[in-house]
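Worth knowing before you read on, the calculation uses all heavy atoms, side chains too, and leaves out hydrogens, waters and symmetry mates. Every chain is numbered from 1, with letters handed out A, B, ... down the list of sequences.
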Amino acid sequence: MRLAPYPSGALHIGNARMIVLNNEYVKRHGGELILFYDDTIGSPKSLRDSPKAKYVLPEAYDLIKEGLEWLGVKYSKVYYKSDRIDIFYEYTEKLIKDDVAYVCFCSAKKFKEKYKNKKENCPHREQSIEINLKEWNKMLNGKYHEQDAVVRLKTGMDQKDPALRDQIIMRISEAEHPKVGNKYIVWPMLEFSWAIDDHLIGVTHILRGADLIKEDFIEDFIWEHFKWKKAEFLHYGRINFPDIKLSKTSARNNIQNGLYKGWDDPRTWSLQSLKKRGIRPEALKEALLDLGMSMTGITFSVNWLYSKNKDIIDEISDRYFFVEDPILIEIDEVPFEEYIAEPFLLPSSPEKGKRIIKGKSKDKQLKIFIASSDAKKLKAGEIIRLKDCVNIQILSVDLKNKNIKAYYHSLELNRDYSIIHWVPEDEKINVQILKPDGSISNGYGEINLLKIPMNKTIQLERYAFVNPVKLEHRELFCYYSHK
RNA sequence: GCCCCUGUCAUCUAGUAAGGUCAAGGAUCCAUGAUUCUCAAUCAUGAAACGCAGAUUCAAAUUCUGCCAGGGGUACCA
């Protein structure tokens with residue numbers, strides 16, 4: 001079997017389904033997996049400036065490799081479509097000589113309206129083999145330009161399905177290719193190139209999305225013509241990601257115009273970005289595999305992935321305090337100079353030990369920060385519990401001036417009081433969290449965050465799981481994982 | 001327009017090939033309660049579906065017909 005990514009950008013969560021399913025199939029049946037970069041030319045030169053243009057991005061080759069490595073996918077060989085253009089020339093010539101292909105000069109619009117929709121042959125279909133060969137060579141020799149001429153396969157203008165009437169197999173593109181430059185101006189269409197290559201590299205099973213079903217027909221037509229052994233087709237249905245916008249093309253544009261920092265920006269939903277967010281490859285694989293091979297159109301909710309990931313990281317992510325968008329509370333009449341809070345690093349594994357958070361008072365006053373989302377809910381007179389510390393009674397709340405006053409109330413845990421998180425004013429570090437939508441949350445975290453390893457997920461209690469990626473000048477930068 | 005495919009809880013899925021074992025099972029989400037010094041996790045309970053209409057049959061989620069609804073293809077993209 002083969003993986004055939006188009007190297008226009010990093011692999012994303014949507015492309016991953018194709019990879020995971022192929023990989024699993026090969027593993028279960030003891031097959032061989034080939035990585036085949038489907039790096040054809042894409043959009044013609046004349047459309048290259050359009051934001052929708054598809055084209056090969058040089059860095060994508062490595063980004064794809066990186067993504068496959070992260071997913072733990074092993075392959076036996078690597079091929080590049082762009083290395084094999086001469087092969088398609090050779091087979092196109094054979095097809096012309098066998099009178100099953102012809103050079104057509106109709107414009108796309110004219111062909112569709114005058115011939116395809118009416119099931120009628122265009123004049124070029126009747127050309128002799130000699131003329132077709134001559135015109136084909138003119139195409140190869142650069143006598144024609146983009147849009148001037150194409151090679152069509154004689155699948156039949158009387159096909160019931162208009163999608164299958166005399167498909168184009170070779171066309172002209174004057175665009176530059178990152179690997180082979182301007183060496184070729186005639187390029188194959190996807191269906192045709194696979195009909196040839198799947199045979200030549202010995203593919204026995206082709207597992208692809210339902211959107212590529214038409215390609216089956218073209219491949220089968222050509223295998224039939226050459227009397228080649230046929231591969232078996234397997235399909236899976238469409239998958240939709242309603243809460244995500246997934247597009248390698250728009251990700252590329254946003255990276256190029258500087259809106260995104262790179263291919264690990266969470267808005268790309270690339271495998272690179274998922275890794276940075278602390279999503280485990282096993283979680284993604286399991287989530288995708290659970291969808292199976294059904295032909296049903298699937299609405300994929302990212303919560304499904306998050307849930308799988310949480311199963312893995314919950315029991316290994318240490319807990320820390322963090323307050324988002326902090327607001328200061330001044331607590332008066334504190335009857336001690338220092339209180340040492342000792343919450344567990346990971347309550348489900350007490351053997352991992354405890355953290356130490358010190359609350360120090362000056363002149364009987366203790367200053368701490370709480371999250372503004374908690375502050376908004378406070379009412380004067382209310383008693384709340386600072387987790388693992390003390391109970392305080394709120395005296396006044398002035399959100400406009402970010403000023404909250406409170407009194408010390410008591411020490412003992414009382415579950416009637418709501419429990420909130422806090423960070424002492426004199427021992428804190430700045431924490432920045434990059435959210436999936438690209439926004440950044442700011443807040444303070446407990447001092448123990450200075451000692452944590454990078455790229456190992458943690459849970460900021462009552463906030464979310466995050467993956468710390470950088471600690472510099474007492475400032476921690478994290479990627480948001482999920483709730 | 002023309003071709004093709006798919007319709008089971010909010011979502012994903014099991015069941016459809018051989019009609020009875022399905023008064024439809026599991027997971028996620030949601031709700032309630034327990035537990036917990038986290039709004040997480042854990043445990044318990046609950047809510048929640050065979051697209052519609054006919055037909056065949058002792059018996060239909062499963063077979064047949066019609067309808068309806070979604071998706072895909074119809075690119076000199078992949």
Engineer: In whole angstrom, give me the gap between the C1' atoms of B:rA59 and B:rG72.
Structural biologist: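 The answer is 37 Å between these two C1' atoms.
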Engineer: When the P atoms of B:rC68 and B:rA53 are compared, how many Å lie between them, rounded to an integer?
Structural biologist: 15 Å
Engineer: Nearest to the side chain of A:Val150, heavy atoms from C-beta on, is which of B:rC76, B:rA78, B:rC2?
Structural biologist: B:rC76
Engineer: So does A:Arg171 get a side-chain nitrogen or oxygen closer than 4.0 Å to the phosphate oxygens (OP1/OP2) of B:rC77?
Structural biologist: yes
Engineer: Give me the ring orientation class for A:Tyr184 and A:Trp187: parallel if the planes are under 30° apart, tilted from 30 to 60°, perpendicular past 60°.
Structural biologist: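 Ring orientation, 0 to 90° scale: perpendicular.
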Engineer: Say you pick atom C1' in B:rU16 and the same atom in B:rA49; how far apart are they, in whole Å?
Structural biologist: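 My reading of the C1' atoms in B:rU16 and B:rA49 gives 16 Å.
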Engineer: Give one of base, sugar-phosphate or nothing for A:Glu215, where a contact means two heavy atoms less than 4.0 Å apart.
Structural biologist: base
Engineer: Does A:Tyr80 have A:Lys179 sitting over its ring (NZ/CZ under 6.0 Å from centre, angle to axis within 45°)?
Structural biologist: yes
Engineer: Under 4.0 Å, heavy atoms only, any strand: does A:Cys104 hit a base, just the sugar-phosphate, or nothing?
Structural biologist: nothing
Engineer: Any side-chain N or O of A:Lys116 less than 4.0 Å from the OP1 or OP2 oxygen of B:rA75?
Structural biologist: yes
Engineer: On the nucleotide B:rC4, are OP1 or OP2 found under 4.0 Å from the side-chain N or O atoms that A:Lys160 carries?
Structural biologist: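 For B:rC4, OP1 or OP2 has a side-chain N or O of A:Lys160 closer than 4.0 Å.
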Engineer: Taking any heavy-atom pair under 4.0 Å as a contact, classify A:Leu212: base, sugar-phosphate, or nothing.
Structural biologist: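 Base contact.
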Engineer: Rounding to an integer number of angstrom, what distance separates B:rA24 and B:rA48 when you compare their P atoms?
Structural biologist: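 These two P atoms come out 11 Å apart once rounded.
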Engineer: Compare the minimum distances between each of B:rU38, B:rG72, B:rC76 and the side chain of A:Asp211, then state the nucleotide with the smallest one.
Structural biologist: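 Shortest atom-to-atom distance from the side chain points to B:rG72.
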Engineer: With rounding to the nearest 0.5 Å, note down the distance linking CZ in A:Arg152 to CE in A:Met189.
Structural biologist: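 One gets 9.5 Å once the value is rounded to the nearest 0.5 Å.
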Engineer: Of the options B:rC76, B:rA27, B:rU38, whose atoms approach the side-chain atoms of A:Ile419 most closely?
Structural biologist: B:rU38
Engineer: Just the rounded figure in Å: distance from P of B:rC76 to CD1 of A:Ile185.
Structural biologist: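 Checked: the CD1 to P distance equals 17 Å.
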Engineer: Does A:Asp314 or A:Ile172 map to a spot on RNA chain B nearer the 5' end, using the closest nucleotide for each?
Structural biologist: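 The residue whose closest nucleotide sits nearer the 5' end is A:Asp314.
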Engineer: Dot-bracket for RNA chain B, 5' to 3', counting Watson-Crick or G-U wobble pairs under 3.5 Å, with [ ] for crossing pairs and | for inter-strand pairs?
Structural biologist: (((((((..((((......[....)))).(((((.......)))))....(((((..]....))))))))))))....
Engineer: Taking the P atom of each, how far is B:rC50 from B:rC67, in whole Å?
Structural biologist: 23 Å
Engineer: Taking the basic N atoms (NZ, or NE/NH1/NH2) and the acidic carboxylate oxygens, is any pair closer than 4.0 Å for A:Asp161 and A:Lys214?
Structural biologist: no
Engineer: At 4.0 Å (heavy atoms only), tell me whether A:Lys387 reaches a base, stays on the sugar-phosphate, or touches nothing.
Structural biologist: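 Here A:Lys387 touches the bases of the nucleic acid.
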Engineer: Let me know the distance between CG of A:Leu164 and C1' of B:rG72, rounded to the nearest Å.
Structural biologist: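 One finds 13 Å between C1' of B:rG72 and CG of A:Leu164, rounded.
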Engineer: By nearest atom, which of the nucleotides B:rC2, B:rU6, B:rA78 is closest to the A:Met189 side chain?
Structural biologist: B:rA78
Engineer: Should the ring pair A:Tyr417 and A:His409 be called parallel, tilted or perpendicular, given that the plane angle runs from 0 to 90° and is split at 30 and 60?
Structural biologist: perpendicular
Engineer: Can you figure out which of B:rC76, B:rA78, B:rU6 approaches the side chain of A:Asp38 most closely?
Structural biologist: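 Among the listed nucleotides, the one closest to the side chain of A:Asp38 is B:rA78.
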Engineer: Rounded to whole angstroms, how far apart are CD1 on A:Ile213 and P on B:rG71?
Structural biologist: 16 Å
Engineer: Looking at A:Asp318 and A:Arg355, is there a salt bridge between them, counting it only when a charged N and a carboxylate O are closer than 4.0 Å?
Structural biologist: no
Engineer: Under 4.0 Å, counting only non-hydrogen atoms across every strand here, what does A:Lys310 touch: a base, just sugar-phosphate, or nothing?
Structural biologist: sugar-phosphate
Engineer: Give one of base, sugar-phosphate or nothing for A:Gly42, where a contact means two heavy atoms less than 4.0 Å apart.
Structural biologist: sugar-phosphate
Engineer: Rounded to the nearest 0.5 Å, how far does NZ of A:Lys183 lie from CG of A:Asp86?
Structural biologist: 6.0 Å
Engineer: Quick one: on RNA chain B, does A:Asp388 or A:Ser301 contact a more 5' nucleotide (nearest heavy atom)?
Structural biologist: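 So the residue in question is A:Ser301.
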Engineer: Measure CD1/A:Ile458 against C1'/B:rA40 and give the value in whole Å, please.
Structural biologist: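 My rounded result for the distance is 14 Å.
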Engineer: With heavy atoms under 4.0 Å as the rule, sort A:Ser348 into base, sugar-phosphate or nothing.
Structural biologist: nothing
Engineer: Give A:Ile298 one of three labels, base, sugar-phosphate or nothing, depending on what nucleic acid heavy atoms sit under 4.0 Å from its own.
Structural biologist: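 Sugar-phosphate contact only - A:Ile298 comes under 4.0 Å of backbone atoms but never of a base.
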Engineer: Quickly work out the A:Tyr236 OH to B:rG72 C1' distance and round it to whole Å.
Structural biologist: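 Those two atoms, OH and C1', are 14 Å apart.
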Engineer: Starting the side chain at C-beta, find the nucleotide from B:rC3, B:rG72, B:rC77 nearest to A:Asp161.
Structural biologist: B:rC3
Engineer: Contact class for A:Pro162 vs. all strands (heavy atom < 4.0 Å): base, sugar-phosphate, or nothing?
Structural biologist: base
Engineer: Quick one: is A:Ser8 getting a side-chain N or O under 4.0 Å of the B:rA78 phosphate, OP1 or OP2?
Structural biologist: no
Engineer: Take atom NZ of A:Lys483 and atom C1' of B:rA41, then tell me their distance rounded to the nearest Å.
Structural biologist: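 My rounded result for the distance is 14 Å.
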Engineer: Start with the C-alpha gap between A:Tyr61 and A:Asp39, add the side-chain angles, then the distance that decides, and say whether side chain to side chain donor-acceptor pair (under 3.5 Å) holds.
Structural biologist: CA-CA 9 Å; A:Tyr61 293 94; A:Asp39 57 346; 2.5 Å; yes
Engineer: Between B:rU6, B:rC77, B:rG73, which nucleotide gets closest to the side-chain atoms of A:Thr296?
Structural biologist: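 Ranking B:rU6, B:rC77, B:rG73 by closest atom to the A:Thr296 side chain puts B:rU6 first.
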Engineer: Within the structure, does a side-chain N or O atom of A:Ser294 lie under 4.0 Å from either OP1 or OP2 of B:rU13?
Structural biologist: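 So the side-chain polar atoms of A:Ser294 do come within 4.0 Å of the phosphate oxygens OP1 or OP2 of B:rU13, strictly under.
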Engineer: Side chain of A:Ala108, heavy atoms from C-beta onward: which of B:rC76, B:rG73, B:rC5 has the nearest atom to it?
Structural biologist: B:rC76
Engineer: Run the side chain to side chain donor-acceptor pair (under 3.5 Å) check on A:Asn467 and A:Ser481 step by step: do they pass?
Structural biologist: CA-CA 7 Å; A:Asn467 190 46; A:Ser481 308; over 6 Å; no
Engineer: Would you call the rings of A:His205 and A:Tyr25 parallel, tilted or perpendicular, taking 30° and 60° as the class edges?
Structural biologist: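 Rings of A:His205 and A:Tyr25: tilted, 30 to 60°.
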Engineer: Atom CZ of A:Phe321 to atom C1' of B:rA40: distance rounded to whole Å?
Structural biologist: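 Checked: the CZ to C1' distance equals 13 Å.
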Engineer: For B:rU21 versus B:rA27, give the span between their P atoms, rounded off to a whole number of Å.
Structural biologist: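 That atom pair is separated by 22 Å.
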Engineer: For A:Asp374, answer base if it contacts any base atom (sugar-phosphate contacts may also be present), sugar-phosphate if it contacts only those atoms, and nothing otherwise; contact means non-hydrogen atoms under 4.0 Å.
Structural biologist: base
Engineer: When you check the phosphate oxygens OP1 and OP2 of B:rU36, does a side-chain N or O of A:Arg385 lie under 4.0 Å from one of them?
Structural biologist: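 No, no such contact exists.
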Engineer: Flag the pair A:Phe465 / A:Tyr306 as yes when their ring centroid distance falls below 6.0 Å, and as no otherwise.
Structural biologist: no
Engineer: Need one value for A:His235: base, sugar-phosphate or nothing, where a base atom within 4.0 Å counts as base even if backbone is also close, heavy atoms only.
Structural biologist: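 Counting heavy atoms under 4.0 Å across all strands, no contact is made by A:His235.
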Engineer: Whole angstroms only, please: what is the CD1-C1' distance between A:Ile168 and B:rC77?
Structural biologist: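 Atom CD1 in A:Ile168 sits about 12 Å away from atom C1' in B:rC77.
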Engineer: What nucleotide among B:rU38, B:rG73, B:rU28 has an atom nearest to a side-chain atom of A:Trp304?
Structural biologist: B:rU28
Engineer: Report yes if a side-chain nitrogen or oxygen of A:Lys214 is closer than 4.0 Å to either non-bridging phosphate oxygen (OP1 or OP2) of B:rU74; otherwise report no.
Structural biologist: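 The answer is yes; a side-chain N or O of A:Lys214 sits under 4.0 Å from OP1 or OP2.
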Engineer: Between B:rC12, B:rA40, B:rG73, which nucleotide has the shortest distance from any of its atoms to the side chain of A:Leu291?
Structural biologist: B:rC12
